[in-house]
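This report refers to the structure that appears directly beneath it.
Values below: all heavy atoms of this structure, side chains included; hydrogens, waters and symmetry mates excluded. Proteins get letters first, then strands, A, B, ... in listed order; numbering begins at 1 in each.
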Amino acid sequence: MAEKKEAFVKEITPQSEDFSRWYTDVVRRAELADYSPVKGCMVIRPYGYAIWELIQQALDRRFKATGHVNAYFPLFIPRSLLLKEADHVEGFAPQVAWVTRGGNEDLEEPLVIRPTSEAIIGTMFAKWIQSWRDLPILINQWANVVRWEKVTRLFLRTTEFLWQEGHTAHETEAEAEEETLRMLGVYQDVAEHELAMPVFAGRKSESEKFAGAARTYSIEALMKDGRALQAGTSHNLGQNFARAFDIQFQARDKSLQYVWGTSWGASTRLVGAVIMTHGDDSGLVLPPRIAPYQVVIVPIPRGDWRETVLPRARELQAGLLNAGVRVMLDDRDAYTPGWKYAEWELRGVPLRLEIGPKDIERSQVVLVRRDSREKLAVPMDGVARTVATLLEDVQRSIFERALRFREDHTTCASSYEEFRQILEGRPGFVLAPWCGTEECEAEIKSETQATIRNMPADRGTPGGRCIRCDRPASVDVYFAKAY
RNA sequence: CGGGAUGUAGCGCAGCCUGGAUAGCGCACCAGACUGGGGGUCUGGGGGUCGUGGGUUCGAAUCCCACCAUCCCGACCA
């Protein structure tokens with residue numbers, strides 16, 4: 001069995017041997033991305049970008065459905081604007097790239113390349129908002145941002161990355177909180193229903209919250225190596241940026257008030273999350289909803305296949321396209337069928353459709369699932385329906401598999417000893433009570449490398465005691481070693 | 001940014017220690033033929049500023065210095 005598995009794939013380091021290397025191998029071999037000549041910056045290749053586009057669409061249609069509109073703000077932010085919100089500057093200063101020269105002259109005022117756009121968007125909001133009737137403002141932007149990272153990894157952390165950032169302004173605190181949680185819910189929905197990736201949604205600790213936010217929420221996913229990955233964040237900014245950027249409106253009672261803000265973002269990191277949630281030793285396993293090709297047709301070239309098999313393959317392709325399936329017909333004759341099987345499995349295509357002379361004789365095709373490698377012969381009539389059903393089944397199966405994995409790797413700890421043992425032996429999420437102090441949080445981090453990922457909203461712990469200091473704890477929190 | 005490792009063809013590597021003639025191997029790539037239901041076979045072929053810059057030397061992939069890049073492990077982050 002092990003030998004057989006070996007035969008399926010070359011060129012990829014097994015996950016069990018070196019997970020990091022497996023990840024890099026898959027990204028490069030599947031042609032999702034490549035290193036560029038620019039330090040810390042990657043090139044997203046067409047296949048990887050196609051995945052991103054599908055994720056974008058999944059997010060974007062939900063943003064639109066919740067009343068948001070897209071806009072675009074400048075890449076550059078004048079230094080003085082960034083400085084306006086104290087926590088914000090302090091948080092981002094170490095990661096900011098500066099532009100100090102334009103053409104042959106030093107700039108009067110240096111520009112930062114946006115690490116995020118609160119400053120510039122807040123400035124514009126101040127101009128656009130006069131009255132409560134202008135509220136809420138619900139804007140999203142798709143953009144690139146730059147954060148000067150010291151250590152980079154393909155998709156997970158690069159100097160420049162693509163994301164979306166939503167920015168909203170509201171009349172009341174309650175509305176802002178509602179918006180923050182609504183968008184957190186959108187992220188959770190996309191993660192679970194499009195990416196088939198189960199996540200824990202919850203609130204970040206004070207030390208982990210966004211620089212300048214009142215409250216930060218996140219969705220946290222579990223990668224196959226047992227480390228957690230933050231996959232999306234939503235911030236309630238309170239009135240912090242409103243005060244810093246003077247975003248005021250005349251309220252219904254004629255008084256002058258500061259708006260309540262939110263911002264929320266998800267990035268190309270999601271592509272990395274998908275890879276590490278579903279991938280196996282043969283390569284990528286893509287959720288059908290975001291797979292650039294949901295089906296690959298491999299014709300079996302035998303004898304006069306170009307006259308017999310290929311036309312049928314084209315008909316199948318047309319039929320599937322017609323049914324709204326993203327399908328690729330791999331009719332290259334420089335490669336053998338076996339080679340193509342391995343190649344498209346490596347690239348994570350959820351379903352393979354084989355058609356050869358024998359199948360035509362029997363009016364059938366052979367379908368093979370990427371997730372289970374299950375092979376089944378199905379009648380050629382109605383194949384589009386079968387494919388649609390199977391795609392849904394793959395989508396559901398890989399979500400369930402990922403969910404089982406997360407459940408198997410999520411444990412409750414009641415003592416610090418137990419807590420440490422879990423993190424050593426079987427990495428994953430550990431749910432444990434926490435007293436709420438930064439001291440305990442920091443000590444746990446330095447002693448175990450685990451950080452607080454987030455705090456589930458629905459988990460109070462009456463009578464719980466902090467895992468670290470044994471003082472009464474108010475909340476259960478998810479700890480994990482994280483990316 | 002600290003600790004460690006590695007840079008030789010698209011990818012993976014050998015050669016370096018002990019300097020010497022035309023820098024090799026596997027895979028990939030190109031041409032053709034035979035093939036084809038789980039990474040085919042044969043024949044022929046193309047491709048290298050040996051990471052970059054300096055130095056030592058009659059001579060450097062090989063020795064020395066600096067820089068750069070990538071990976072791994074830590075501190076910071078989406």
Side-chain angles (χ1 to χ4, degrees), chain A residues 4-13 18-21 23-25 28-29 31 34-42 91-96 115-116 144-165 187 204 207-211 216 218-221 228-235 263-273 282-283 298-306 309 332-346 352-360 365-366 368 373 375 377 442 445-446 449 451 481-483:
Chain A
K4 194 180 175 189
K5 216 173 174 187
E6 194 86 24
F8 276 126
V9 69
K10 286 183 276 187
E11 304 169 14
I12 297 183
T13 308
D18 183 342
F19 193 82
S20 292
R21 188 146 180 212
Y23 175 78
T24 308
D25 286 348
R28 302 192 69 185
R29 187 58 188 77
E31 298 182 359
D34 204 353
Y35 295 107
S36 77
V38 190
K39 180 183 169 71
C41 294
M42 67 171 181
F92 278 104
Q95 289 182 272
V96 158
T116 179
N144 57 339
V145 285
V146 166
R147 297 184 185 175
W148 216 253
E149 300 289 353
K150 295 178 173 148
V151 179
T152 58
R153 298 198 61 196
L154 296 168
F155 287 112
L156 300 179
R157 191 182 303 105
T158 47
T159 300
E160 178 190 9
F161 60 95
L162 305 183
W163 76 345
Q164 84 22 245
E165 47 180 324
Y187 289 146
K204 284 290 200 183
S207 68
E208 299 260 341
K209 81 177 184 192
F210 176 74
T216 287
S218 73
I219 55 169
E220 302 280 336
L229 182 76
Q230 180 172 307
T233 50
S234 187
H235 318 290
S263 69
W264 25 275
S267 72
T268 37
R269 173 181 261 197
L270 287 172
V271 178
S282 297
V298 178
I300 306 303
R302 275 261 193 83
D304 58 350
W305 70 284
R306 290 201 162 275
V309 177
R332 295 175 293 179
D333 69 359
Y335 299 100
T336 61
W339 189 91
K340 291 176 183 175
Y341 299 165
E343 181 68 11
W344 291 111
E345 281 173 10
L346 172 55
R352 174 171 79 242
L353 189 159
E354 302 171 15
I355 176 164
K358 283 186 246 166
D359 302 306
I360 290 172
V365 299
V366 173
V368 185
R373 286 220 172 75
K375 194 176 272 201
K445 184 175 179 180
S446 70
Q449 290 172 37
T451 51
K481 294 184 187 174
Y483 273 93

Looking for any heavy atom pair under 4.0 Å, which part of the strands does [X] touch: base, sugar-phosphate only, or nothing?
X: Asp333(A); value: base
X: Thr158(A); value: base
X: Pro94(A); value: nothing
X: Gly265(A); value: nothing
X: Val366(A); value: base
X: Gly40(A); value: sugar-phosphate
X: Gln95(A); value: sugar-phosphate

Please state the [atom1] separation for the pair [N] and [M] - nearest whole angstrom.
N: rG38(B); M: rG46(B); atom1: C1'; value: 31 Å
N: rC58(B); M: rG53(B); atom1: C1'; value: 23 Å
N: rG15(B); M: rC76(B); atom1: C1'; value: 41 Å
N: rC73(B); M: rG37(B); atom1: C1'; value: 46 Å
N: rC63(B); M: rU18(B); atom1: C1'; value: 11 Å
N: rG54(B); M: rA61(B); atom1: P; value: 14 Å
N: rG44(B); M: rU49(B); atom1: P; value: 27 Å
N: rG2(B); M: rG19(B); atom1: C1'; value: 35 Å

Completion exercise
When Lys358(A) and Glu208(A) are each assigned the nearest nucleotide of RNA chain B, the 5'-most assignment goes to Lys358(A)
Handout entry: Nearest-nucleotide comparison on RNA chain B, the residue closer to the 5′ end among Tyr335(A) and Ala482(A)
Key =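 Closer to the 5' end of RNA chain B: Tyr335(A).
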Look for any protein N or O under 3.5 Å of an N or O in nucleotides 43-46 of chain B and output each such pair with its distance, or none.
none

Please state how far atom [atom1] in [X] lies from atom [atom2] in [N], giving the value in whole angstrom units.
X: Leu156(A); N: rA78(B); atom1: CG; atom2: P; value: 13 Å
X: Tyr341(A); N: rG36(B); atom1: OH; atom2: P; value: 13 Å
X: Tyr483(A); N: rC72(B); atom1: OH; atom2: P; value: 9 Å
X: Asp304(A); N: rG36(B); atom1: CG; atom2: C1'; value: 13 Å
X: Asp25(A); N: rC71(B); atom1: CG; atom2: P; value: 12 Å
X: Trp305(A); N: rG36(B); atom1: CH2; atom2: P; value: 13 Å
X: Asp359(A); N: rG36(B); atom1: CG; atom2: P; value: 16 Å
X: Arg352(A); N: rG39(B); atom1: CZ; atom2: P; value: 11 Å

Tell which nucleotide pairs with [N], taking only Watson-Crick or G-U wobble pairs whose two distances are both under 3.5 angstrom.
N: rC58(B); answer: rG20(B)
N: rG7(B); answer: rC68(B)
N: rC34(B); answer: rG40(B)
N: rG2(B); answer: rC73(B)

Partners passing ring pair (Phe, Tyr, Trp, His ring centres under 6.0 Å) against [X] (at least two apart in sequence or in another chain):
X: Trp148(A); result: none
X: Trp163(A); result: Phe161(A)
X: Trp344(A); result: Tyr293(A)
X: Tyr35(A); result: none

Practice task
Evaluate salt bridge (charged side-chain N to carboxylate O under 4.0 Å, His left out) for Arg352(A) paired with Glu345(A), printing each intermediate quantity in order.
Solution key: CA-CA 9 Å; Arg352(A) 174 171 79 242; Glu345(A) 281 173 10; 3.0 Å; yes
At their closest point, which heavy atom of [X] faces which heavy atom of [Y], and how far apart are they?
X: Asp25(A); Y: Thr13(A); answer: OD2-OG1, 2.6 Å
X: Ser218(A); Y: Lys204(A); answer: OG-CE, 3.5 Å
X: Ala211(A); Y: Gly91(A); answer: CB-CA, 3.7 Å
X: Thr451(A); Y: Ala482(A); answer: OG1-CB, 4.1 Å

Handout entry: Distance-only donor-acceptor test, Arg157(A) side-chain atoms vs rC77(B) base atoms, 3.5 Å
Key = yes
Once salt bridge (charged side-chain N to carboxylate O under 4.0 Å, His left out) is applied, do any residues pair with [X], and if so which ones, sequence neighbours excluded?
X: Glu149(A); result: none
X: Arg153(A); result: none
X: Lys340(A); result: Asp330(A)
X: Arg306(A); result: Asp333(A)

Under 3.5 Å, which N/O atoms of the protein pair with N/O atoms of nucleotides 40-42 of chain B?
| from | atom 1 | to | atom 2 | distance (Å) |
| --- | --- | --- | --- | --- |
| rG40(B) | OP2 | Thr336(A) | OG1 | 3.0 |

Handout entry: Contact under 4.0 Å: Tyr35(A) side-chain N or O vs rC68(B) OP1/OP2
Key = no
Could you list the protein-to-nucleotides 73-75 of chain B atom pairs, N/O on both sides, closer than 3.5 Å?
| from | atom 1 | to | atom 2 | distance (Å) |
| --- | --- | --- | --- | --- |
| rG74(B) | OP1 | Gln449(A) | OE1 | 3.0 |

Handout entry: Centroid distance under 5.5 Å and plane angle under 30°, Phe161(A) vs rA78(B)
Key = yes
Handout entry: Residues that Glu31(A) engages under side chain to side chain contact (heavy atoms under 4.5 Å, CB included), provided they are two or more places apart
Key =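 With neighbours one apart ignored, the set is Arg45(A), Arg347(A).
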Handout entry: Heavy-atom side-chain proximity of Val146(A) to Gln95(A) below 4.5 angstrom
Key = no
